[in-house]
> 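Attaching a single structure in structure tokens format; questions to follow.
For the numbers below, each heavy atom of this structure counts, side chains included, while hydrogens, waters and symmetry mates do not. Sequence lines set the chain letters: A, B, ... in the order given, protein chains first and strands last, and positions in each chain run from 1.
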Number of protein chains: 2
Amino acid sequence: MPKCSEPAEREIDLLFQALADPSRRAMVDRLTCGPASVSELARPLAMSLPAVVQHLHLLEASGLVCTEKLGRVRTCSIESTALRTAEAWVAGRRTAWERRLDRLGDFLAEQTNKPEQESTQ
Amino acid sequence: MPKCSEPAEREIDLLFQALADPSRRAMVDRLTCGPASVSELARPLAMSLPAVVQHLHLLEASGLVCTEKLGRVRTCSIESTALRTAEAWVAGRRTAWERRLDRLGDFLAEQTNKPEQESTQ
DNA sequence: GTAATACTTAAGCGAATGCCTAAGTGTTCA
DNA sequence: TGAACACTTAGGCATTCGCTTAAGTATTAC
């Protein structure tokens with residue numbers, strides 16, 4: 001049973017997979033300035049509309065973007081919870097590693113402050 | 001000419017692509033506990049050694065992991081700068097979006113605090 | 001010197017990705 | 001009602017991905 005505080009592997013998979021494509025990141029970028037329709041998302045991209053829709057599906061599946069259709073236009077917007085999840089995964093690993101480096105630094109400093117013991121080469 | 005403070009698109013591509021695979025994330029996870037040889041990285045993974053080496057190449061290309069070969073064993077360790085880059089990309093977009101939400105909230109609150117003007121809808 | 005170790009390279013293969021065009025569906029405007 | 005609009009679905013196709021096995025190359029231990 002996975003802890004609910006730790007997102008499932010598959011969830012993180014979809015998140016980073018979604019962020020791994022420049023076109024999808026451009027869509028995310030655009031959406032951080034505010035909601036947009038599918039056509040608005042497609043306009044700056046050098047590809048067909050169906051291609052954009054496919055990218056959008058991935059973004060929705062990852063939870064990074066949510067959409068709602070009203071009449072014939074679908075409006076897309078950013079879901080910041082997903083961005084937080086990705087951020088937390090990376091930050092967790094980075095801080096763990098940096099804490100380790102700090103401890104190592106402390107240890108080495110302590111060793112050099114003990115001149116009565118021989119240092120190991 | 002790209003600003004050096006903003007990493008190139010290709011760099012971010014490689015970063016998120018590297019993080020998009022559960023095996024590679026497991027390798028990163030393992031390395032946050034300290035450096036490891038290729039065999040040590042491979043041990044918990046259910047795949048052949050060449051497959052692990054291929055993943056390792058991607059991790060190196062992304063800058064997430066750096067390696068050094070001494071004798072016949074290659075030692076791998078985390079490069080926290082790359083983790084910072086990924087973290088910064090996500091954090092930048094998240095905060096931009098959340099600032100927007102805050103401004104919107106302020107605006108709406110201001111509207112409801114003006115009973116002399118008719119509210120829209 | 002021989003054998004075991006620790007990778008490393010090469011070739012191949014099935015599945016997934018990223019794109020396309022063509023042909024829909026439903027909504028709105030005139 | 002008919003045309004324009006905003007997607008949406010379907011099918012196809014080239015490339016990339018993740019993995020495999022087989023056969024290397026150094027390095028270290030006996």
Side-chain angles (χ1 to χ4, degrees), chain A residues 8-31 34-78 86, chain B residues 8-31 34-78 86:
Chain A
E9 279 296 284
R10 182 61 186 151
E11 192 184 332
I12 309 276
D13 265 30
L14 292 174
L15 263 176
F16 287 128
Q17 229 169 73
L19 292 175
D21 182 273
S23 305
R24 287 191 293 265
R25 284 200 308 279
M27 292 167 76
V28 168
D29 257 344
R30 164 63 188 82
L31 290 177
S37 71
V38 177
S39 317
E40 278 166 357
L41 283 182
R43 194 143 29 227
L45 301 176
M47 65 180 71
S48 68
L49 194 65
V52 172
V53 172
Q54 281 177 339
H55 283 306
L56 189 57
H57 285 333
L58 280 196
L59 287 170
E60 286 193 72
S62 75
L64 280 166
V65 167
C66 64
T67 74
E68 192 186 7
K69 192 157 186 178
L70 272 160
R72 63 185 171 183
V73 38
R74 177 175 298 278
T75 305
C76 315
S77 57
I78 288 282
Chain B
E9 280 295 284
R10 182 62 187 151
E11 192 184 333
I12 308 275
D13 265 30
L14 292 174
L15 263 175
F16 287 128
Q17 232 169 72
L19 293 174
D21 182 272
S23 306
R24 286 192 293 265
R25 283 199 309 278
M27 293 167 75
V28 168
D29 257 344
R30 163 63 189 82
L31 290 177
S37 71
V38 177
S39 318
E40 278 167 357
L41 283 182
R43 194 142 31 226
L45 300 176
M47 65 181 72
S48 69
L49 195 65
V52 172
V53 173
Q54 282 176 339
H55 283 305
L56 189 57
H57 284 333
L58 280 196
L59 287 170
E60 286 194 71
S62 75
L64 280 166
V65 167
C66 64
T67 75
E68 192 186 7
K69 191 157 186 178
L70 273 159
R72 64 185 170 182
V73 38
R74 177 175 296 279
T75 305
C76 316
S77 57
I78 288 281

> Can you list everything that forms a side chain to side chain contact (heavy atoms under 4.5 Å, CB included) with B/Leu58? Sequence neighbours excluded, please.
B/Arg24
> Passes side-chain contact (heavy atoms from CB on, under 4.5 Å), B/Leu19 versus A/Ile12? Steps please.
CA-CA 9 Å; B/Leu19 293 174; A/Ile12 309 276; over 6 Å; no
> So, using side chain to side chain contact (heavy atoms under 4.5 Å, CB included) as the criterion, who are the partners of B/Pro35 when residues are at least two apart?
A/Trp97, A/Arg100, B/Thr75, B/Ser77
> Tell me the interatomic distance from B/Asp13, atom CG, to C/dG18, atom P, rounded to whole angstroms.
10 Å
> Name all residues meeting the side chain to side chain donor-acceptor pair (under 3.5 Å) criterion together with A/Glu11; count only those two or more places apart in sequence or in a different chain, and write none if there are none.
none
> What pair of heavy atoms forms the shortest contact from B/Cys76 to B/Val65, and how long is it?
CB-CG1, 4.0 Å
> When the side chains of residues 36-54 of chain B are checked against the rest of the protein, which donor-acceptor pairs come out under 3.5 Å, sequence neighbours left out?
unit_1, atom_1, unit_2, atom_2, d
B/Ser37, OG, B/Glu40, N, 3.1
B/Glu40, OE1, B/Ser37, N, 2.9
B/Ser48, OG, B/Ala51, N, 3.4

> Can you give one letter per nucleotide of nucleotides 2-9 of chain C, going 5' to 3': B for a protein heavy atom under 4.0 Å from the base, S for sugar-phosphate only, - for none?
--BBSBBB
> side-chain contact (heavy atoms from CB on, under 4.5 Å), that's the test. Do B/Val28 and B/Leu59 meet it? Break it down for me.
CA-CA 9 Å; B/Val28 168; B/Leu59 287 170; 3.9 Å; yes
> With sequence neighbours left out, write down each residue that passes salt bridge (charged side-chain N to carboxylate O under 4.0 Å, His left out) with A/Arg74, or none if nothing qualifies.
none
> So which heavy atom on A/Leu15 is nearest to which on A/Ala86, and how close?
CD1-N, 3.9 Å
> At what distance, to the nearest 0.5 angstrom, does CG of B/Asp21 lie from CD of A/Glu9?
9.5 Å
> Assign each of A/Leu70 and A/Leu58 to its nearest nucleotide of DNA chain C by heavy atoms, then name whichever residue's nucleotide is nearer the 5' end.
A/Leu58
> Using a strict heavy-atom distance below 4.0 Å, which residues from residues 14-25 of chain A are in contact with DNA chain C?
A/Gln17, A/Asp21, A/Arg24
> Going by salt bridge (Lys or Arg N to Asp or Glu O under 4.0 Å), name the pairs with one or both residues in residues 49-71 of chain B, residues two or more places apart or in two chains.
none
> Looking only at heavy atoms, which two atoms of A/Ala61 and A/Leu14 are closest? And how far apart?
O-CD1, 3.8 Å
> Please give, in whole Å, the distance from C/dC20 C1' to A/His55 NE2?
12 Å
> Go through DNA chain D in 5' to 3' direction and return only the first and the last nucleotide with some atom under 4.0 Å of chain B's heavy atoms.
D/dC17 to D/dT28
> Report each atom pair, protein N/O against N/O of nucleotides 12-14 of chain C, whose distance is under 3.5 angstrom.
none

> Residues two or more places apart in sequence or in another chain: which of them pass salt bridge (charged side-chain N to carboxylate O under 4.0 Å, His left out) with B/Asp13?
A/Arg25, B/Arg10
> Classify A/Ala51 by what it touches in the nucleic acid, base, sugar-phosphate, or nothing, heavy-atom distance under 4.0 Å.
sugar-phosphate
